[in-house]
There are 2 protein chains.
Amino acid sequence: MAVSKDPSVSIGSETPAQANSLFVTSLERGFAVLEAVGNERRDVGVTEIAAKTGLDKSAAQRFAFTLQALGYLEKNPATRRFRLSRRVLGLAHAYLRTDPLVELATPYLADLRQSCQKRVDLSLLDGFDIVYVVRLQSQREAFGATVIGRRIPAFCSSGGRAMLSLLPEDEARALVERSPRKPLTPHTITDVEAVMAQIARARQDGFAVCIQEALMGEIVVAAPVVDMQGRPRGAVHIAMALADHDENEVRAKFAPMAVAAARLISGGGY
Amino acid sequence: MAVSKDPSVSIGSETPAQANSLFVTSLERGFAVLEAVGNERRDVGVTEIAAKTGLDKSAAQRFAFTLQALGYLEKNPATRRFRLSRRVLGLAHAYLRTDPLVELATPYLADLRQSCQKRVDLSLLDGFDIVYVVRLQSQREAFGATVIGRRIPAFCSSGGRAMLSLLPEDEARALVERSPRKPLTPHTITDVEAVMAQIARARQDGFAVCIQEALMGEIVVAAPVVDMQGRPRGAVHIAMALADHDENEVRAKFAPMAVAAARLISGGGY
DNA sequence: AAGTTTTGTGTCGCCAGGCGATACTTTTAA
DNA sequence: TTAAAAGTATCGCCTGGCGACACAAAACTT
């Protein structure tokens with residue numbers, strides 16, 4: 001689920017902050033089970049769930065059973081192991097229908113995709129990562145299905161840097177410093193100062209460009225979407241193959257398109 | 001969340017079946033709250049959550065608080081009301097990365113989109129509905145963002161009819177009869193016999209065509225994906241504007257492409 | 001502006017829902 | 001065949017969560 005090593009779904013060490021009396025532990029445990037299952041590509045059994053969540057076997061059994069009864073998990077009758085059910089897509093759909101920024105941005109993104117003929121994404125900042133919330137594929141990209149919900153570290157994504165460039169310098173720096181900066185490709189810039197320089201450049205330009213930092217062969221330009229107070233709310237990405245377009249062309253031709261779209265969305269009254 | 005009126009998230013009438021001692025009620029309640037919030041476009045407060053779920057105000061408060069603490073709900077500090085958080089996308093992403101059919105189908109769908117230059121979808125059957133799990137947009141469609149997770153009644157969708165055509169006649173009929181058959185457009189066929197006739201035709205043809213039954217101006221052809229036992233596992237859709245293509249062209253040109261793709265996916269060892 | 005209603009927040013004692021140890025059954029591995 | 005491991009079922013204890021109530025803060029009304 002997480003892009004990095006997966007910061008343990010475990011319950012073991014009681015989340016200290018939420019010792020609040022309103023906190024319903026069972027719910028937390030249920031979600032821990034759900035995420036534990038979701039983190040594995042293969043089906044997982046109750047023993048393994050118990051191990052991954054820190055719950056004992058009985059609890060794992062009960063929560064898995066309940067999630068299955070609710071339709072969020074499916075049980076393979078043959079192996080008696082669990083996997084996520086299509087049902088979880090319902091929540092994502094509800095979110096996408098609900099979020100005002102998504103609703104507002106979608107038509108502008110469609111126009112942008114139409115005019116640039118490249119892959120267009122909308123991402124949001126969430127903790128150390130950006131999350132893709134909308135993806136409009138380009139005509140010919142064969143790879144990557146719909147990566148809705150995918151998370152990428154903000155420090156090495158164009159969208160992340162675009163958004164960070166609008167935060168106060170110290171906030172941005174703090175986030176970069178505290179972020180696990182595991183390189184995603186050989187080209188990922190991980191040095192704090194170097195990343196901050198990229199962010200500074202983005203602040204000047206009004207957009208950020210990343211070259212093969214998240215995915216080999218890919219160049220991405222992103223412009224930030226802001227709310228009425230000027231704080232970053234998201235980012236518009238245009239992504240393409242480095243084989244087809246060099247940095248100069250991206251900055252000269254595509255960056256202004258991303259900026260224009262982001263500005264339209266920002267001004268849309270969100 | 002549901003496409004129809006929304007069959008009440010309510011807890012009130014204890015789900016009788018799941019009186020099993022393994023069933024963890026708190027989890028069910030938590031999800032009821034989550035879905036109650038997701039069903040509304042606007043933010044909802046604890047009182048309203050209580051009303052919609054049948055929980056009392058205290059319970060609604062506790063679950064909403066907990067879901068917020070877990071990151072699945074966001075609280076607007078101004079209105080003190082809740083909405084779904086982007087966090088729910090994580091589950092969808094995990095599902096899409098996990099499901100073997102999705103993984104298997106994606107490259108074939110990309111090829112199909114490439115060759116037909118239309119919108120291509122993959123759907124699964126779930127209860128009375130089909131659920132869209134993959135969508136590859138066409139080049140110029142301006143509408144509809146990523147409708148991952150959207151549900152459409154099976155009886156009036158091409159994918160649904162394609163899948164139903166491979167079920168035993170009585171099973172298919174039972175599903176159609178018991179399904180709420182509220183028309184989505186003036187062209188939606190709701191008469192059971194008429195729907196069964198469409199399904200019979202699909203059985204013969206190996207694909208189903210729907211014309212403006214789910215969305216005005218849209219014509220869709222779908223072919224079923226089957227598992228090793230020949231039971232339907234999903235459907236490949238090709239959708240386009242009725243303004244651009246008539247039924248004859250769709251049947252002659254696009255149907256074979258959908259069938260071929262579905263067959264490749266079916267044979268992919270799922 | 002004062003009153004009135006509605007909605008969100010905080011508290012607390014009671015008790016049933018859930019916890020987890022244990023035992024049983026089935027499957028997988030050796 | 002045997003053994004180890006994983007899934008399933010049971011059950012008494014006890015604590016987590018339930019829900020009635022009171023309080024505070026908005027949001028309407030007049």
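Below, read A as the first sequence line, B as the second, and so on, with proteins coming before strands; counting in each chain starts at 1.
Between A:Lys52 atom NZ and D:dA6 atom P there is a gap of 14 Å when expressed in whole angstrom units. The separation between A:Arg42 atom CZ and D:dA6 atom C1' is 14 Å, rounded to whole Å. In this entry the distance linking CG of A:Leu22 with P of D:dG19 reads 15 Å, nearest Å. Going from atom CZ of B:Arg29 over to atom C1' of D:dG16 covers 13 Å, rounded to whole Å. Rounded to an integer number of Å, the gap from B:Gln61 CD to C:dT11 C1' is 11 Å. Distance, B:Leu55 CG to D:dG17 C1': 12 Å, rounded to whole Å. Remark: C1' of D:dG19 and CZ of B:Phe65 are 18 Å apart, rounded to the nearest angstrom. In this structure, A:Glu28 places its CD atom 16 Å from P of C:dG18, rounding to the nearest Å.
Between the side chain of A:Lys57 and the base of C:dG20, no donor-acceptor pair of N or O atoms lies under 3.5 Å. One N or O donor and one acceptor, one from the side chain of A:Arg62 and one from the base of C:dG20, sit under 3.5 Å apart.
Under the 4.5 Å side-chain criterion, counting only non-hydrogen atoms from C-beta, B:Val133 is not in contact with B:Leu101. A 4.5 Å side-chain heavy-atom check between A:Tyr108 and A:Val236 finds every atom pair outside the cut-off.
Residue-level contact check: B:Glu48 touches neither bases nor backbone, having no heavy atom under 4.0 Å from any strand.
Checking C:dT9, D:dA9, D:dG7 against every side-chain atom of A:Val46, the shortest atom distance belongs to D:dG7.
A sub-4.0 Å separation between OP1 or OP2 of C:dG8 and a side-chain N or O of B:Thr47 is present. Dashed line: the shortest gap from a side-chain N or O of A:Ser26 to OP1 or OP2 of D:dG17 is under 4.0 Å. An OP1 or OP2 oxygen of D:dG17 is reached within less than 4.0 angstrom by no side-chain nitrogen or oxygen of B:Ser58.
Between B:Arg81 and A:Arg80, the residue anchored nearer the 5' end of DNA chain C, judged by the nucleotide with its closest heavy atom, is B:Arg81. Along DNA chain C, the nucleotide nearest B:Leu27 and the nucleotide nearest B:Phe82 are compared for position; the residue whose nucleotide lies closer to the 5' end is B:Phe82. In this structure, A:Lys75 and B:Phe63 both approach DNA chain D, and ranking their closest nucleotides by distance from the 5' end singles out A:Lys75.
Salt-bridge formation is detected for the pair A:Arg41/B:Glu103: a Lys NZ or Arg NE/NH1/NH2 atom is positioned less than 4.0 Å from an Asp or Glu carboxylate oxygen.
A:Tyr132 and B:His93 have their aromatic ring centers separated by at least 6.0 angstrom.
Applying the side chain to side chain contact (heavy atoms under 4.5 Å, CB included) test between B:Phe82 and each of B:Glu48, B:Lys75, B:Glu74 identifies B:Lys75 as the sole match.
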